[in-house]
Amino acid sequence: MLPRSALQQLTTHAMVIGFLNICSLRYKVDMLAALIRERHWDVVGTVETWLDTSVGNGELNIEGYSLVRNDRQGRKGGGVCLYFRSSLPIKPRPDLNQADLESIWVEFSGKDRCQLIGCIYRPPDE
């Protein structure tokens, strides 16, 4: 289990957004799925996913959620991803990603507004 200091939660107008530093998502998908169910997160951002092209999205599937990810390029570690309820009107926005920044963005279209939700990671050595 993750220490409490590694978890953050923000509730805005009935949307519950979570964030955590996962330190290798590949082997913690079941734990993350349980945490999502326990905390009723609609969207969760994770950093330090430590993923690369050898890990397919099928290995990271959480029932009822869609995944967008941005793996670190050129060296090990890092990476970010967002899981969001498949029922939410969310559209990935890869046009907002920057090559020199580990980030992932999606656009949420609500009843009366449009919001951007992002997950950004800055490695401690940068």
With respect to Ile117, which candidate in Val106, Leu88, Ile104 satisfies the side chain to side chain contact (heavy atoms under 4.5 Å, CB included) definition?
Val106
For Thr53, give me all partners under side-chain hydrogen bond (donor to acceptor under 3.5 Å, both in side chains), at least two apart in sequence or on another chain.
none
Any donor and acceptor pair, going by atom type alone, linking the side chain of Glu102 with main-chain N or O of Gly79 inside 3.5 Å?
yes
Please walk me through it: do Arg39 and Val16 pass side-chain contact (heavy atoms from CB on, under 4.5 Å)?
CA-CA 8 Å; Arg39 300 204 177 237; Val16 182; 5.9 Å; no
Any side-chain heavy-atom pair of Cys119 and Phe19 under 4.5 Å:
yes
Are Val29 and Met31 connected in a single hydrophobic cluster, I mean Ile/Leu/Val/Met/Phe/Trp/Tyr linked by side-chain heavy atoms less than 4.5 Å apart?
yes
Asp95: partners by salt bridge (Lys or Arg N to Asp or Glu O under 4.0 Å), with sequence neighbours left out:
Arg93
Residues forming a side-chain hydrogen bond (donor to acceptor under 3.5 Å, both in side chains) with Ser86, sequence neighbours excluded:
Ser66
For the pair Val55 and Thr49, evaluate side-chain contact (heavy atoms from CB on, under 4.5 Å) and give the outcome as yes or no after the intermediate values.
CA-CA 11 Å; Val55 181; Thr49 58; over 6 Å; no
Leu35 side, atom CG; Lys28 side, atom NZ - distance, nearest 0.5 Å
12.0 Å
So do Leu82 and Ile90 actually touch side chain to side chain, heavy atoms under 4.5 Å?
no
Salt bridge flag under 4.0 Å for residues Glu59 and Arg26
yes
Contact check, side chains of Ser103 and Arg122, non-hydrogen atoms, under 4.5 Å:
no
Going through the distances and angles, do Leu60 and Tyr83 end up as a side-chain contact (heavy atoms from CB on, under 4.5 Å)?
CA-CA 10 Å; Leu60 308 170; Tyr83 281 93; 3.4 Å; yes
Using a side-chain heavy atom cutoff under 4.5 Å and only I, L, V, M, F, W and Y, what cluster partners does Trp50 have?
none
Following the transitive rule for hydrophobic clusters with a side-chain heavy-atom cut-off under 4.5 Å over Ile, Leu, Val, Met, Phe, Trp and Tyr, establish whether Leu20 and Leu67 coincide in one cluster.
yes
Before you tell me yes or no, could you show the steps for Val43 and Tyr65 under side-chain contact (heavy atoms from CB on, under 4.5 Å), namely the whole-Å CA-CA distance, both residues' side-chain angles and the distance that decides it to 0.1 Å?
CA-CA 9 Å; Val43 178; Tyr65 285 79; over 6 Å; no
Write out all pairs satisfying salt bridge (charged side-chain N to carboxylate O under 4.0 Å, His left out) with one or both partners inside residues 41-50, taking only residues at least two apart or from two chains.
Asp42-Arg85
If every non-hydrogen atom of Gly77 is compared with every non-hydrogen atom of Arg72, which pair is closest and at what distance?
O-CB, 3.3 Å
Let me confirm one number: the SG-CG distance from Cys81 to Leu25, rounded to the nearest 0.5 Å.
5.0 Å
What residues, two or more places apart in sequence or in another chain, satisfy side-chain hydrogen bond (donor to acceptor under 3.5 Å, both in side chains) together with Arg69?
Asn57, Asp71
Roughly how far, to the nearest 0.5 Å, is the CE atom of Met15 from the CH2 atom of Trp41?
14.5 Å
Candidates Val80, Val44, Thr46, Leu51 - the one meeting side chain to side chain contact (heavy atoms under 4.5 Å, CB included) with Ile22
Thr46
Mind checking the CG-OH spacing from Asn70 to Tyr121? Nearest 0.5 Å is all I need.
13.5 Å
Under the 3.5 angstrom rule, does the side chain of Lys91 hit a backbone N or O of Ser109 as a donor-acceptor pair?
no
